[in-house]
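Encoded as structure tokens, the structure appears first; notes follow it.
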Amino acid sequence: MTSPHRFDRGHTDDLLTFLAAGPSPYHAVAHAAERLEKAGFRQVEETEPWEGGAGGRYVLRGGAIIAWYVPEGAGPATPYRIVGAHTDSPNLRVKPLPDTGAHGWRQIAVEIYGGTLLNTWLDRDLGISGRLSLRDGGERLVRVDRPLLRVPQLAVHLDRSVNTDGLKLDRQRHLTPIWGLGEPREGDLIRFLAEESGLEAADVTGWDLMVHSVEPPAYLGRDRELVAGPRMDNLLSVHAATAALIAVAGRPDATCIPVLAAFDHEENGSESDTGAQGPLLGNVLERSVYARGGSYEDRARAFAGTICLSSDTGHAVHPNYAERHDPSHHPMPNGGPILKVNVNQRYATDGRGRAVFAAACERAGVPWQSFVSNNAMPCGTTIGPITAARHGITTVDIGVAILSMHSARELCGAEDPHLLATALASFLEN
């Protein structure tokens, strides 16, 4: 399916760069911040006083980033237009005591993060990334982007029923990566990562580490009309929202304040100081109101006029499992962004939100599709209902239709990232 909107392959090329640059949430927000800095945004510290004048600002906290642009003439009660997304993806994360092994193999102990498709991490060359916390209170991003780890699958000769009875993986026993031969030695992994980062191992007192596939994202298919890559859920939305915010920043006659809110920990419930359940977004929006001389009344008025698009990936119809989808709702790659609806509030979209999204797409000339789950299947959820309930903000759930969600490597249409970013820019500027 080809949309009438002109396909910007340059945007999708840039998405591939963004995906590769964000093996962990910490790397993803650091890369987004670099792009915002080049566009004139400036970081503000939560521990310092804020100014309320015009311009672009952003807050970094862990794996989350909130960025906004105050236009000239914005008052204390000026409403916000927010694009919400998340920076984390299901994967394997390093345990506090990582050095383990058995039978002459050196291994790394990992914990399962989020609802990952476990089998997609088998027989895949893996790197390691995250952040190191230092004795002096500082932090250092670390990234080993070469084949370092591997979770080897049991050979078919030793599991003759695997192709008839299905693969059965024990989350504790079968997913421990190997990274060498010999006896495990306590502190080996951190010594290695400290050396990679130009640090002394004794200075590293904490870490948040995870594995990632080192295979780069790439176009796929005869006509290169698809994209395969890691962490599309949900760096695809973070990339589109960052591009949209930069595109609308500084435009004249703006009647709202555009915001990017990219949270961590969506994949395990958003309950953290950097997740959508936490106070970060509300604190930033309130402080922005007060920095512009506003009162609680102004804050209430601004929030009442605010709308959020919660942008996360959704399910494209799977050609081999079409019966798992609603029979009348079959989103396709390159058909434009999807509007996600669930009357039980797993998604926050209602009729008013549908009208807002439809108007943004119409102004931008972007086609869009509808998604609803099969009634016999449970429906996933997003930061949308959380944002609506926590802040009293009208919220609409949207995204891009993909296949292989929660795999180590996912698949989307090559046109959809640009279509999403174009629709988001239209929403943010009106």
Side-chain angles (χ1 to χ4, degrees), residues 28-87 237-264 274-276 278-294 298-311 360 383 387 390-396 421 424-430:
V29 298
H31 190 65
E34 289 178 10
R35 292 172 175 236
L36 291 166
E37 287 277 348
K38 290 179 181 177
F41 286 70
R42 294 294 175 261
Q43 184 176 1
V44 293
E45 299 292 341
E46 294 183 81
T47 56
E48 299 294 331
W50 289 6
E51 297 179 354
R57 301 171 179 84
Y58 67 91
V59 167
L60 279 179
R61 183 192 289 187
I65 184 169
I66 311 290
W68 66 103
Y69 190 92
V70 179
E72 292 285 351
T78 298
Y80 299 97
R81 291 291 178 270
I82 305 169
V83 177
H86 67 88
T87 62
S237 293
V238 177
H239 173 259
T242 303
L245 177 59
I246 291 172
V248 304
R251 290 190 179 179
D253 303 321
T255 58
C256 57
I257 298 172
V259 181
L260 158 67
F263 301 100
D264 201 352
T274 54
L280 182 59
L281 176 62
N283 287 349
V284 168
L285 299 184
E286 289 180 354
R287 289 188 67 177
S288 180
V289 168
Y290 300 145
R292 297 193 304 278
D298 294 314
R299 179 261 186 216
R301 291 171 59 199
F303 276 45
T306 292
I307 301 174
C308 174
L309 293 188
S310 165
S311 183
I383 65 166
T387 303
R390 179 170 180 82
H391 305 293
I393 290 172
T394 298
T395 304
V396 190
L424 296 182
S426 174
F427 164 75
L428 287 175
E429 68 180 351
N430 192 315

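All values below come from the heavy atoms of this structure, side chains included, with hydrogens, waters and symmetry mates left out. Predicted model only: the values in this text are computed from it and were never measured. Start at 1 with the first residue, then count along the sequence.
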Value for CG (L309) from CG (L428), rounded to nearest 0.5 Å, stands at 7.5 Å
What heavy-atom pair brings E46 and L280 nearest, and what distance separates the two atoms? OE1-CD1, 3.7 Å
Could you state the interatomic distance from CD (E37) to OH (Y58), rounded to the nearest 0.5 Å? 3.5 Å
Shortest non-hydrogen contact from G63 to V29? O-CG1, 3.3 Å
Measuring from D264:CG to I65:CD1, what's the distance to the nearest 0.5 Å? 12.5 Å
Considering non-hydrogen atoms only, spot the tightest contact between C308 and T387 and give its length. SG-CG2, 4.2 Å
Under 3.5 Å, side chain of S288 to main-chain N/O of V284, donor-acceptor pair present? no
Under 3.5 Å, side chain of R390 to main-chain N/O of G278, donor-acceptor pair present? yes
Can you tell me how far apart CD (E286) and NE2 (H391) are? Round to the nearest 0.5 Å. 9.0 Å
Taking distance alone, no hydrogens or angles, what donor-acceptor pairs closer than 3.5 Å link side-chain atoms of residues 254-263 to residues at least two apart or in another chain?
none

Solution key, residues 69-78 side-chain donor-acceptor pairs under 3.5 Å, sequence neighbours excluded:
from : atom 1 : to  : atom 2 : distance (Å)
T78  : OG1    : G75 : N      : 2.8
T78  : OG1    : G75 : O      : 3.1

Identify the heavy atoms of L245 and A67 that sit nearest to each other, and give their distance. CD2-CB, 3.7 Å
For T395, enumerate each residue passing the side-chain hydrogen bond (donor to acceptor under 3.5 Å, both in side chains) test, keeping only those at least two apart in sequence or located in another chain. none
Got a donor-acceptor contact below 3.5 angstrom from the W50 side chain to the E45 backbone? yes
Report yes or no: does T306 contribute a side-chain atom to a donor-acceptor pair with the main-chain N or O of I393 at less than 3.5 Å? no
Measure the CZ-CH2 distance between F41 and W68 for me, rounded to the nearest 0.5 Å. 10.0 Å
Search all heavy atoms of V248 against all heavy atoms of A425 and return the closest pair with its distance. CG1-O, 3.4 Å
Measuring from atom OG of S310 to atom NE2 of H86, what distance do you get when rounded to the nearest 0.5 angstrom? 8.5 Å
Which heavy atom of R287 sits nearest to which heavy atom of E48, and what is that distance? NH2-O, 2.8 Å
